[in-house]
Amino acid sequence: MWPILVASMAALTVVIERIYFLIGERKSRCPEIIEKIFSEVERGKIEEALRIGAGCNDFVATTLVYGLRHRHKAFSNALLQAANKELKRFGRGLPVLDTVITLGPLLGLFGTVTGMIHAFGLLGGRELDSPTVITGGIAEALIATAYGLLTAIVALIPFNYFNARLEEARHEIEDATTHLELLLLKQDKNP
């Protein structure tokens with residue numbers, strides 16, 4: 001039961017941290033700044049777009065500004081690097097939840113097996129004079145499986161939610177970077 005408790009505490013810590021992270025990200029969103037960046041790039045005013053986006057903490061704006069700053073060297077690679085950096089922040093902690101989801105039931109089953117071994121060991125010394133010894137031991141062993149499954153089930157729901165937010169962020173960044181690339185191509189064709 002102790003390893004299951006440790007795993008559930010790790011999952012709870014990650015869930016709380018991720019909730020605070022997502023709240024902070026939601027508060028730092030500024031879609032109007034992103035639109036201004038696009039409109040300035042469309043008008044050919046790259047420096048103005050950089051100035052507008054510089055103070056914004058929105059993950060999409062940060063990616064766009066980084067790409068624009070490095071547009072003369074390796075624009076696509078700069079966008080990819082910035083996007084990966086931002087998406088890495090969204091994915092932090094998810095491997096811990098994934099591990100808890102997998103490990104919880106396994107620890108529960110391990111607790112059940114060791115509990116059954118212990119219960120049958122007690123029975124072997126007493127023969128059949130006290131059947132409650134084995135039934136109590138089996139019930140105690142099954143509690144480990146229940147808690148292991150419960151830990152995995154409870155961790156699965158936020159894991160899927162956080163993965164959905166990660167994918168949503170990935171799509172937003174991809175859409176914005178593609179739009180920016182198209183605007184810059186248009187600028188190159190119409191100087």
Side-chain angles (χ1 to χ4, degrees), residues 6-104 151-191:
V6 170
S8 63
M9 293 305 291
L12 180 64
T13 302
V14 169
V15 168
I16 291 170
E17 188 274 332
R18 291 286 81 197
I19 288 171
Y20 279 120
F21 170 78
L22 289 176
I23 290 170
E25 285 301 308
R26 184 171 291 149
K27 286 181 180 179
S28 69
R29 297 305 312 267
C30 27
E32 65 282 348
I33 297 289
I34 295 167
E35 286 304 315
K36 286 180 183 177
I37 291 171
F38 287 144
S39 67
E40 293 300 326
V41 169
E42 191 170 15
R43 294 188 342 208
K45 298 181 178 181
I46 305 296
E47 293 306 317
E48 182 65 18
L50 286 169
R51 188 192 64 71
I52 289 170
C56 183
N57 290 327
D58 187 306
F59 63 94
V60 175
T62 303
T63 304
L64 297 177
V65 167
Y66 188 83
L68 285 172
R69 280 198 183 118
H70 297 89
R71 70 188 177 283
H72 298 299
K73 297 175 187 170
F75 179 65
S76 293
N77 288 339
L79 285 176
L80 186 61
Q81 182 182 7
N84 285 338
K85 182 180 175 187
E86 294 299 320
L87 293 174
K88 186 176 182 182
R89 292 183 326 110
F90 274 84
R92 189 175 45 228
L94 294 184
V96 173
L97 286 179
D98 191 26
T99 301
V100 169
I101 291 166
T102 305
L103 191 60
T151 299
I153 291 167
V154 170
L156 182 63
I157 295 167
F159 176 74
N160 285 335
Y161 176 77
F162 297 140
N163 263 331
R165 299 295 70 80
L166 171 66
E167 287 305 310
E168 187 178 283
R170 180 185 326 275
H171 291 301
E172 273 192 68
I173 289 173
E174 285 175 359
D175 290 346
T177 56
T178 301
H179 186 73
L180 182 64
E181 286 179 306
L182 291 173
L183 288 174
L184 288 174
L185 281 174
K186 185 178 175 182
Q187 287 297 316
D188 290 342
K189 289 181 181 179
N190 303 323

Could you pull out all residues at least two apart from E35 that satisfy salt bridge (Lys or Arg N to Asp or Glu O under 4.0 Å)? none
Check side chain to side chain contact (heavy atoms under 4.5 Å, CB included) between H72 and all other residues, then give those that pass, not counting sequence neighbours. none
Has the side chain of R18 got a donor or acceptor atom that lies under 3.5 Å from a matching backbone atom of R92? yes
So, using side chain to side chain contact (heavy atoms under 4.5 Å, CB included) as the criterion, who are the partners of T102 when residues are at least two apart? D98, L106
side-chain contact (heavy atoms from CB on, under 4.5 Å) between L184 and L68: does it pass, once the steps are laid out? CA-CA 9 Å; L184 288 174; L68 285 172; 4.0 Å; yes
Using the test side chain to side chain contact (heavy atoms under 4.5 Å, CB included), find all partners of N57 that sit at least two apart in sequence or belong to another chain. S28
Quick one: side chain to side chain contact (heavy atoms under 4.5 Å, CB included) partners of T151, sequence neighbours excluded? I4, S8, V100
Flag side-chain contact, heavy atom, 4.5 Å: L64 against V41: no
Tell me which one of L50, I52, V60 satisfies side-chain contact (heavy atoms from CB on, under 4.5 Å) with V65. L50
If I compare all heavy atoms of P158 with all of A155, which pair ends up nearest, and what's the gap? CD-O, 3.4 Å
Considering all heavy atoms of both residues, which atom of V14 and which atom of G93 are nearest to each other, and what is their separation? CG1-O, 3.4 Å
Partner residues of R69 under the salt bridge (Lys or Arg N to Asp or Glu O under 4.0 Å) criterion, sequence neighbours left out: none
Between H179 and D175, is the side-chain contact (heavy atoms from CB on, under 4.5 Å) condition met? List the steps. CA-CA 6 Å; H179 186 73; D175 290 346; over 6 Å; no
Could you tell me which residues satisfy salt bridge (Lys or Arg N to Asp or Glu O under 4.0 Å) with E32, sequence neighbours excluded, listed by chain and number? none
Rounded distance (nearest 0.5 Å) linking atom CD1 of I173 with atom CG of L180: 13.0 Å
By side chain to side chain donor-acceptor pair (under 3.5 Å), which residues pair with E17, not counting sequence neighbours? none
What's the shortest heavy-atom distance between L166 and G91, and which atoms? CD1-N, 4.1 Å
What distance separates F162 CZ from I19 CD1, expressed to the nearest 0.5 Å? 5.0 Å
Using 0.5 Å steps for rounding, measure from the CZ atom of R170 to the CG atom of N84. 8.0 Å
Who pairs with Q81 by side chain to side chain donor-acceptor pair (under 3.5 Å), at least two apart in sequence or on another chain? Y66
Any pair counted as disulfide (SG to SG under 2.5 Å), so long as it reaches residues 41-89, sequence neighbours left out: C30-C56
With rounding to the nearest 0.5 angstrom, report the CD to CG distance, E174 to L79. 11.5 Å
Applying salt bridge (Lys or Arg N to Asp or Glu O under 4.0 Å) to R29 and not counting sequence neighbours gives D58, E172
Output the distance between atom CD (E42) and atom CG (L182), rounded to the nearest 0.5 Å. 11.0 Å
Within-4.5 Å side-chain heavy-atom neighbours: R89 and E25: yes
Can you tell whether the side chains of R51 and E40 come within less than 4.0 Å, N to carboxylate O? no
If I take atom CZ from residue R165 and atom CG from residue N163, how far apart are they, to the nearest 0.5 angstrom? 10.0 Å
How would you list, by chain and number, every residue that makes a side chain to side chain donor-acceptor pair (under 3.5 Å) with R71, sequence neighbours excluded? none
